[in-house]
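Report on the following structure.
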Amino acid sequence: MTLDPAVWPLLWKATLETLWMVVPSALLGQLLGTALGVWLTLTRPGGLTPNPALFRVLDAVVNVGRSFPFIILMIVLIPLTRALVGTSIGSTAAIVPLTVAAVPFLARLVEGSLREVPSGVTEAARAMGATTGQIVTKVLLPEALPGLLHAFTVLVISLLGYSAVAGAIGAGGLGDLAIRYGYHRFDTATMTVTVVALLLIVQLVQWLGDRAEHHADHR
């Protein structure tokens with residue numbers, strides 16, 4: 001099993017394409033998913049501002065969004081992707097479906113993290129006259145920060161997997177390299193190096209996430 005030296009530049013280019021797909025998608029997914037997770041937490045029965053009708057709608061949106069297999073979601077979102085970026089092929093185009101997939105996924109994780117905050121903490125803040133916005137920004141989110149960082153780490157690792165699927169149907173990145181050069185050409189060496197590159201990125205993300213979570217956890 002010998003690796004063609006010409007693969008190294010392709011591997012570097014594919015790695016950059018993967019990061020270009022994942023990083024913006026993760027940041028946008030974190031922003032929108034956190035907002036949606038907060039709304040779920042606030043409007044659920046027993047929340048700070050319970051609204052059963054709105055909660056059912058938001059809950060249904062999250063459930064539907066999480067139920068779509070990513071490859072089908074990419075196809076369904078082709079018109080939206082073309083409208084936003086002008087094309088449905090390439091690394092930039094993949095950011096749209098990756099972000100859409102990230103939002104409901106993260107929202108559910110954020111909701112779980114916020115629900116773990118002891119109710120006594122929020123009740124004490126409300127008794128002191130804090131508004132709902134103040135409770136969210138100064139109590140709920142800071143108290144749930146370790147869980148939110150863990151959720152973001154899980155999100156990034158999941159998006160790395162999704163990006164490999166996106167690469168298999170024209171988005172570029174490590175998935176595309178593995179399929180075109182590793183699978184179609186029966187090049188075991190290229191396939192192995194590509195998988196190792198993905199594993200190293202995942203390990204680095206997990207290590208950074210664990211460090212950040214540990215630093216934020218003051219319990």
Inset, instruction - Assess whether atom CZ of Phe55 is packed by more than 12 heavy atoms of other residues, nucleotides or ligands within 6.0 Å. - result: yes
Inset, instruction - Could you tell me whether Ile71 atom CD1 has more than 12 heavy atoms of other residues or ligands within 6.0 Å of it? - result: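 Count not over threshold, so no.
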Inset, instruction - Please check if any side-chain donor atom of Asn51 sits under 3.5 Å from a side-chain acceptor atom of Arg44, or the reverse. - result: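 Side-chain D/A pair, Asn51 to Arg44: absent.
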Look up atom [atom1] in [X] and atom [atom2] in [Y], then write down how far apart they are to the nearest 0.5 Å.
{"X": "Ile201", "Y": "Gln206", "atom1": "CD1", "atom2": "CD", "value": "14.0 Å"}
{"X": "Gln203", "Y": "Leu198", "atom1": "CD", "atom2": "CG", "value": "11.5 Å"}
{"X": "Arg108", "Y": "Leu106", "atom1": "CZ", "atom2": "CG", "value": "11.5 Å"}
{"X": "Trp207", "Y": "Asp210", "atom1": "CH2", "atom2": "CG", "value": "10.0 Å"}
{"X": "Ile75", "Y": "Leu77", "atom1": "CD1", "atom2": "CG", "value": "10.5 Å"}
{"X": "Leu114", "Y": "Leu148", "atom1": "CG", "atom2": "CG", "value": "6.0 Å"}

Any chain of hydrophobic side-chain contacts (each under 4.5 Å) joining [X] to [Y]?
{"X": "Val110", "Y": "Val57", "value": "no"}
{"X": "Phe105", "Y": "Leu36", "value": "no"}
{"X": "Val62", "Y": "Tyr162", "value": "no"}
{"X": "Val61", "Y": "Leu32", "value": "no"}
{"X": "Val103", "Y": "Met74", "value": "no"}

Are [X] and [Y] close enough that some pair of their side-chain heavy atoms sits under 4.5 Å apart?
{"X": "Leu54", "Y": "Leu58", "result": "yes"}
{"X": "Met21", "Y": "Leu98", "result": "yes"}
{"X": "Ile95", "Y": "Trp20", "result": "yes"}

Legend entry - Thr122 side-chain N/O to Ser119 backbone N/O, donor-acceptor pair under 3.5 Å: yes
Inset, instruction - Determine yes or no for a side-chain-to-main-chain donor-acceptor pair under 3.5 angstrom, with Glu116 supplying the side chain and Ser113 the backbone. - result: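 Absent.
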Inset, instruction - Dump the intermediate steps for side-chain contact (heavy atoms from CB on, under 4.5 Å) on Leu48 and Leu140, then the final yes or no. - result: CA-CA 11 Å; Leu48 290 173; Leu140 280 178; 4.3 Å; yes
Inset, instruction - Test Leu141 against Val38 for side-chain contact (heavy atoms from CB on, under 4.5 Å), laying out the working first. - result: CA-CA 9 Å; Leu141 293 178; Val38 168; 4.3 Å; yes
Legend entry - Lys/Arg-Asp/Glu bridge criterion (N-O < 4.0 Å) met for Arg126, Glu123: no
Legend entry - Step-by-step side-chain contact (heavy atoms from CB on, under 4.5 Å) determination, Leu27 to Leu31: CA-CA 6 Å; Leu27 294 176; Leu31 178 64; over 6 Å; no
Taking every non-hydrogen atom, the tightest pair across [X] and [Y]:
{"X": "Leu174", "Y": "Thr194", "value": "O-CG2, 3.2 Å"}
{"X": "Thr153", "Y": "Gly209", "value": "OG1-CA, 3.2 Å"}
{"X": "Pro24", "Y": "Leu19", "value": "CD-O, 3.9 Å"}
{"X": "Thr41", "Y": "Glu111", "value": "OG1-CA, 3.7 Å"}
{"X": "Leu155", "Y": "Ala26", "value": "CD2-O, 3.8 Å"}
{"X": "Leu109", "Y": "Ala151", "value": "CB-CB, 3.7 Å"}

Inset, instruction - Identify, with sequence neighbours excluded, every residue that meets side-chain hydrogen bond (donor to acceptor under 3.5 Å, both in side chains) alongside Lys13. - result: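 So Lys13 forms a side-chain hydrogen bond (donor to acceptor under 3.5 Å, both in side chains) with Glu17.
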